[in-house]
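What you see is a predicted model, and the numbers here were worked out from it, not measured in a lab. In this chain, numbering begins with 1 at the start of the sequence shown.
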Amino acid sequence: MNNFHFSLKTEIFAGRGSVRRQYRAWLLGHRALIVTGRQSAKLSGALEDVCAVLEANHIPYVIYDGISENPDVTQVYGGVAVALANQSDFVIAIGGGSPMDAAKSIAWATASMVAQEDFFDRKPTPRDAVLPIVAIPTTCGTGSEVTPYSIITHHRLMTKVNISSPRFFPSVALLDARYLESMPKHVLCDTALDALSHAIEGAYSPRANRLSLAISEEALEILIPELIRLAHGAFVNLSQLQYASLLAGIVIAQAGTGLVHAMGYPLTCHKGIPHGRANGILLAGYMDYMSESCEQLTERLFNAANLQGPDELQALIDLLLETLHCSREAPTEEELLRFSHDPLRLEMVQRYRTMPSTENVMDIYRTGF
């Protein structure tokens, strides 16, 4: 067996009613800060379950629902102010990737007294304090419940920045597929495409290993049939999608993401295309490009997905976006040229086995649009 390292610091509880049934595992302090967006935590029923447990156990809590899609530093420090004012000693994140990612930064900035003006310059260290984090996903894409990453929008640079630390792993993740039932179909599509990108990018990473690659393959085996059903308006197994998202999150916790995420950030920041959708649009072109240097691995991934190749994957993505009326405004050639330079400067791309050229990046963009 090849040498490899695999670490997952999160205790995972999955199943119907897990929030209420497993309450002893996630009551990690005496005063809770609940971090959410405006709607999903309430609509899904997750917030009601969490509050019921906290109240039954006489644990004071405060709700900070100031997190929007693509959270920024202002939103993070709004949460920090609430946590400090209420002397919160653990954080409960409910929602998609945005609340969970923001909660990690809030937990760090609160416990380590990180000044707002230093946020992007001061990297977390192993000695930094971080409040314990409980993660309860209400979407099926980000996998943030099992990763050490906090992705925060940097408005001045017009990109997203990954603030990460092993201490950002949530202590507990609670998965209940009932919380996905209130998701609009277009959000279900976008988040599932995000999970698909995690499984694929993580497999190509130089940090991938035998175990993480096996998990990537299982995620693909589950995701593609569900995406096909979603594209044809058929019944979708939300529990399966949630499990696949978890698997893909575990993959990137070990291996990280790469070119697709780096290329997707300009599409989100400049064109307003949701994160997962932006990634999904790029996947077929990316796998076609990677097949030149990683032919056997690419074939292995397509076999796991039961797809013939990039063309069939692109056709599935196109059908999904058409069926669910998901827009994708095509960038101009001038925009593509501008978008093609910044991803190549990111460490997440430069560590990969094959360094693309600007023209390679533009070809991947063109394939998706």
Side-chain angles (χ1 to χ4, degrees), residues 37-44 68-70 95-99 137-144 177-201 219-249 260-261 263-287 305-331 364-369:
R38 294 290 183 185
Q39 292 186 317
S40 70
K42 297 175 184 176
L43 293 176
S44 66
S68 65
E69 192 174 355
N70 308 311
S98 295
T138 61
T139 65
C140 53
T142 176
S144 187
R178 293 179 306 148
Y179 300 152
L180 278 57
E181 293 173 0
S182 60
M183 266 195 303
K185 286 293 176 61
H186 70 277
V187 176
L188 181 64
C189 173
D190 291 341
T191 57
L193 288 176
D194 195 18
L196 184 65
S197 72
H198 293 162
I200 291 171
E201 286 179 271
L220 291 174
E221 289 171 5
I222 297 169
L223 278 166
I224 293 299
E226 298 301 332
L227 288 173
I228 291 172
R229 281 189 276 273
L230 182 61
H232 288 89
F235 170 79
V236 175
N237 189 322
L238 295 177
S239 181
Q240 284 286 82
L241 279 180
Q242 187 179 60
Y243 177 58
S245 173
L246 174 79
L247 293 176
V260 171
H261 271 64
M263 291 176 61
Y265 292 159
L267 296 179
T268 298
C269 293
H270 293 278
K271 305 300 290 185
I273 300 176
H275 170 69
R277 190 183 311 174
N279 290 350
I281 288 168
L282 302 171
L283 284 175
Y286 171 68
M287 293 188 75
N306 198 25
L307 295 173
Q308 294 303 309
D311 289 345
E312 192 172 2
L313 175 58
Q314 187 64 57
L316 172 57
I317 302 298
D318 290 343
L319 181 60
L320 267 171
L321 300 184
E322 179 183 346
T323 301
L324 300 175
H325 307 291
C326 296
S327 63
R328 51 171 168 175
E329 179 189 349
I364 294 170
Y365 276 129
R366 293 183 185 119
T367 298
F369 290 98

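Cys326 and Cys189 make their closest contact through SG-SG, 4.4 Å (heavy atoms, listed as atom of the first residue, atom of the second, distance). The two atoms that bring Leu282 and Gly264 nearest to each other are CD1-N, 3.8 Å, heavy atoms only. The minimum heavy-atom distance linking Ala195 with Ser245 is given by the pair CB-CA, 3.9 Å. Of all heavy-atom pairs spanning Pro331 and Leu267, the tightest one is CG-CD2, 3.9 Å. Here the closest heavy-atom approach between residue Cys140 and residue Leu180 is recorded as CB-CD2, 3.6 Å. When all heavy atoms of Pro266 and Tyr365 are compared, the closest pair comes out as CG-OH, 3.9 Å.
Separation of atoms CD1 (Ile281) and CD1 (Ile317) is listed at 8.5 Å; rounding is to 0.5 Å. If you take CD1 on Ile222 and CG on Asn237, they are separated by 9.5 Å, rounding to the nearest 0.5 Å. In this structure, Leu188 CG and Leu324 CG are separated by 8.0 Å, a value rounded to the nearest 0.5 Å. Put simply, CD on Gln314 and CD on Glu312 are 12.0 Å apart, with the number rounded to the nearest 0.5 Å. Summarising the geometry, atom OG belonging to Ser44 is positioned 10.0 Å from atom CE belonging to Met183; distances are rounded to the nearest 0.5 Å. Of the inter-residue distances, the one linking Thr191 atom OG1 with Leu196 atom CG reads 11.5 Å to the nearest 0.5 angstrom.
Remark: Tyr286 pairs with Tyr204 by the ring pair (Phe, Tyr, Trp, His ring centres under 6.0 Å) rule, at least two apart or across chains. The side chain to side chain donor-acceptor pair (under 3.5 Å) search around Lys185 returns none, not counting sequence neighbours. Partners of Ser40 by side chain to side chain contact (heavy atoms under 4.5 Å, CB included), not counting sequence neighbours, listed by chain and number: Thr138. By the salt bridge (charged side-chain N to carboxylate O under 4.0 Å, His left out) test, Arg229 pairs with Glu226, sequence neighbours left out. Residues forming a salt bridge (charged side-chain N to carboxylate O under 4.0 Å, His left out) with Asp311 (at least two apart in sequence, or on another chain): none.
Judged by distance alone, with hydrogens and angles left aside, the side-chain atoms of Ser197 form no donor-acceptor pair with the main-chain N or O of Gly280 at under 3.5 Å.
For the 3.5 Å distance criterion, the side chains of His198 and Asp194 qualify, holding a donor opposite an acceptor.
Val260 is not listed as a side-chain neighbour of Ile364, based on a closest heavy-atom distance of 4.5 Å or more. For the pair Asn279/Leu193, no side-chain contact is recorded, criterion being any heavy-atom separation below 4.5 Å from C-beta on. You'll find the side chain of Leu320 stays beyond 4.5 Å of the side chain of Arg277, heavy atoms only.
The ring-ring contact (aromatic ring centres under 6.0 Å, His included) analysis of residues 228-249, with sequence neighbours excluded, yields no pairs.
Around the CG atom of Asn306, the shell of radius 6.0 Å holds no more than 12 heavy atoms that belong to other residues, nucleotides or ligands.
The aromatic rings of His275 and His261 sit perpendicular, their planes meeting at an angle over 60°, well past the 30° parallel limit.
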